[in-house]
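Atoms within a ligand are numbered from 1 in the order they appear, just like the ligands themselves. All of these numbers come straight from a predicted model, not from anything done at the bench. Throughout, residue positions are numbered sequentially from 1 according to the sequence presented.
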Amino acid sequence: MTIHQNLIAGEWVGSNGSENVNPSDTNDIIGVYAQATADDVKQAIAAAKAAFPAWSRSGILERHAILKKTADEILARKQELGTLLSREEGKTLAEGIGEVTRAAQIFDFFAGETLRLAGEVIPSARPGIGVEITREPLGVIGIITPWNFPIAIPAWKIAPALCYGNTVVFKPAELVPGCSWAIVDILHRAGLPKGVLNLVMGPGSVVGQAMLDSPDVAGITFTGSTGTGKRVAAASIEHNRKFQLEMGGKNPMVVLDDADLSVAVEAAANSGFFSTGQRCTASSRLIVTEGIHDKFIAALTERMKSIQVGHALKPETHIGPVVDVRQLKQDTDYIEIGVKEGAKLAFGGERLERDTPGFYLQPTLFTEATNQMRISREEIFGPVVSVIRVKDYDEALAMANDTPFGLSAGIATTSLKYATHFKRNSEAGMVMVNLPTAGVDFHVPFGGRKASSYGSREQGKYAAEFFTVVKTAYTLA
Ligand code: ADP
């Protein structure tokens with residue numbers, strides 16, 4: 001098998017590689033991907049630093065053309081890249097193609113943003129002086145991404161970084177290097193000058209850590225676990241570096257007595273189980289008022305029976321496998337914990353055998369859970385959901401907010417009063433009414449509060465807050 005190499009200073013390099021394995025079929029090896037060393041990372045950072053002065057002053061039409069060309073190629077190849085994504089991550093082909101389309105939309109959006117860069121001109125408090133406020137790129141941006149969105153998350157970090165004139169050292173997650181390699185290849189061929197975007201694949205403890213330790217990285221944008229996020233924060237403070245973190249969630253979905261039952265069930269099934277529950281915006285806590293509780297559980301378990309778990313590329317599959325053996329163990333450990341804590345295993349909980357060897361797990365529902373149980377407080381990151389029964393809306397809202405996290409929160413209700421109150425009082429970065437907690441647009445802010453996020457929002461024009469630094473210039477007229 002040919003090795004997919006790292007891109008450093010405009011050259012494809014690296015000879016030793018690691019296999020990328022399909023979680024739907026562990027006999028299917030997708031490819032071999034080079035593993036960078038700490039020294040490779042240093043060279044990549046040096047290349048990005050050297051490329052920064054010219055790229056930060058490059059013309060907006062050059063940036064626009066490269067980002068637009070990238071968007072167009074990603075979209076034209078959505079079937080092929082969606083298949084690659086589903087093979088390496090295990091989400092269904094429909095979800096894979098959807099994610100690839102979203103990556104193209106993101107590049108297209110930031111291609112457009114290059115043509116809308118603007119500042120402000122403001123009169124000074126002192127007569128005869130003008131004040132200009134402009135945004136400048138930061139410098140070298142380190143990008144560290146997780147495995148659950150192998151193309152959308154790299155896209156929503158790389159596109160704005162380049163749009164605003166930064167150079168990049170990009171480290172994708174070990175489990176899903178394929179889509180990252182593909183978008184770096186597309187950007188490289190679209191005409192990025194050498195050193196502007198560098199790809200360093202490999203383990204977080206080596207490649208990621210070398211980025212954290214470098215004084216030449218001006219900003220790090222990270223999506224991943226809370227534990228690694230804390231390391232990124234500590235190292236970044238030491239280097240006086242800007243950082244942006246997207247971490248876990250334990251997203252609640254409140255279901256009120258007046259909810260439309262089918263809307264509530266569909267939103268819960270989608271946000272709890274689709275993408276195998278491996279979305280940081282998945283709802284893993286269903287907080288249900290007592291008037292609808294039993295009806296809702298009956299309808300949701302009925303809906304769960306129709307969910308087909310299988311090979312990600314099979315058309316009849318609704319939920320693919322868990323991403324790898326380590327995540328599968330985490331999911332099944334939490335299922336055991338839930339049972340020991342006294343929650344009732346109402347559906348699922350078993351590993352499944354399919355035609356191909358893979359990490360298949362039934363969607364799993366716990367009822368009679370409390371909000372204090374570990375299964376209701378800790379992020380599981382699998383298709384495992386707990387249902388908590390409450391008396392009324394006030395108790396539901398208090399419980400929805402009683403969590404260390406604050407990424408996304410949902411409510412199913414037909415009451416304008418409760419919907420409006422929930423939007424105002426939910427302590428989450430994103431609030432959904434009669435919609436799944438997962439599933440967001442590409443052009444509006446994404447991010448959370450409390451332990452879920454740190455720093456400014458990603459996506460849309462709000463991305464400028466992280467990827468640029470503000471300058472205030474005074475001129476005597
Ligand atoms: P998960 O448990 O979901 O894999 P991680 O936080 O471990 O979450 O991984 C998210 C990203 O962070 C991955 O690209 C991973 O390689 C990277 N990473 C892991 N450890 C470190 C580290 N010490 N320094 C920098 N990056 C790391």
Side-chain angles (χ1 to χ4, degrees), residues 6 18 20-21 23 33-38 40-42 44-45 88-91 140-158 168-181 183-184 198-215 217 219-239 241 243-250 275-282 284 322-331 333-334 359 378-384 405 407 451-454 458:
N6 287 310
S18 158
N20 185 0
V21 178
Y33 291 81
Q35 301 288 286
T37 62
D40 292 335
V41 179
K42 276 193 186 148
I45 294 168
E88 69 177 348
E89 201 271 352
K91 65 180 71 174
V140 178
I141 302 284
I143 294 180
I144 302 178
T145 57
W147 50 259
N148 64 331
F149 283 90
I151 198 163
I153 295 180
W156 88 43
K157 294 180 190 294
I158 293 172
V168 171
V169 178
F170 167 40
K171 187 214 117 37
E174 297 90 308
L175 289 176
V176 291
C179 288
S180 292
W181 189 92
I183 55 173
V184 170
N198 302 272
L199 173 70
V200 282
M201 297 175 286
S205 55
V206 178
V207 178
Q209 193 62 43
M211 284 164 65
L212 303 194
D213 293 340
S214 170
V217 175
I220 291 195
T221 173
F222 166 86
T223 301
S225 64
T226 310
T228 309
K230 284 188 175 153
R231 297 174 84 113
V232 174
S236 297
I237 290 198
E238 194 170 321
H239 291 291
R241 162 202 300 146
F243 60 100
Q244 175 183 54
L245 312 175
E246 288 299 344
M247 301 171 287
K250 195 71 197 174
S275 298
T276 324
Q278 297 175 153
R279 294 181 286 190
C280 43
T281 46
S284 46
V322 173
V323 75
D324 73 344
V325 69
R326 198 188 66 159
Q327 181 62 48
L328 181 67
K329 176 159 184 340
Q330 178 162 316
D331 296 349
D333 283 354
Y334 270 110
F359 310 112
E378 298 170 17
E379 185 177 53
I380 300 171
F381 221 61
V384 184
F405 297 104
L407 188 57
S452 290
S453 303
Y454 184 92
E458 302 199 79

Q. For Asn148 and Gln278, does a side-chain donor sit closer than 3.5 Å to a side-chain acceptor?
A. no
Q. Less than 4.5 Å apart, any side-chain heavy atom of Glu89 and any of Phe149?
A. no
Q: Identify, by atom number and element, the atoms of ligand 1 in contact range of Gln209, meaning under 4.0 Å from any of its heavy atoms.
A: 22 (C), 23 (N), 24 (N), 25 (C)
Q: Any atoms of ligand 1 less than 4.0 Å from a non-hydrogen atom of Thr145? List them with their elements.
A: 11 (C), 13 (C), 14 (O)
Q) Any idea how Phe243 and Tyr454 line up, ring-wise: parallel (<30°), tilted (30 to 60°), or perpendicular (>60°)? A) parallel
Q) Does NZ or CZ of Lys329 lie under 6.0 Å from the centre of the six-membered ring of Phe359, at an angle within 45° of the ring axis? A) no
Q) Is there at least one pair of N or O atoms, one from Lys171 and one from ligand 1, spaced under 3.5 Å apart? A) yes
Q.
I need the contact type for Phe381 against ligand 1. Using non-hydrogen atoms and a strict under-4.0 Å cut-off, is it side chain, backbone, both or neither?
A. neither
Q: Using a 4.5 Å cut-off on heavy atoms from C-beta on, say whether the side chain of Lys42 contacts that of Ser214.
A: no
Q: Could you establish whether Glu379 and ligand 1 come within less than 4.0 Å of each other, counting only heavy atoms on the residue side?
A: no
Q. Nearest protein heavy atom to atom 22 (C) of ligand 1, by residue and atom, and its distance?
A. Gly204 O, 3.4 Å
Q | For Arg231, the ligand 1 atoms whose distance to one of its heavy atoms is below 4.0 Å | A | 23 (N)
Q: Please test Thr37 against Val206 for side-chain contact (heavy atoms from CB on, under 4.5 Å), starting from the C-alpha separation and ending with a verdict.
A: CA-CA 7 Å; Thr37 62; Val206 178; 5.5 Å; no
Q) Could any protein non-hydrogen atom be found less than 4.0 Å from atom 3 (O) of ligand 1? A) yes
Q.
List ligand 1 atoms under 4.0 Å from Arg326, heavy atoms only on the residue side.
A. 1 (P), 2 (O), 4 (O)
Q.
Are the side chains of Tyr33 and Glu174 in contact, using a 4.5 Å heavy-atom criterion?
A. no
Q) Hey, which atoms in ligand 1 end up nearer than 4.0 Å to a heavy atom of Glu174? A) 13 (C), 15 (C), 16 (O)
Q.
List ligand 1 atoms under 4.0 Å from Trp147, heavy atoms only on the residue side.
A. 3 (O), 4 (O)
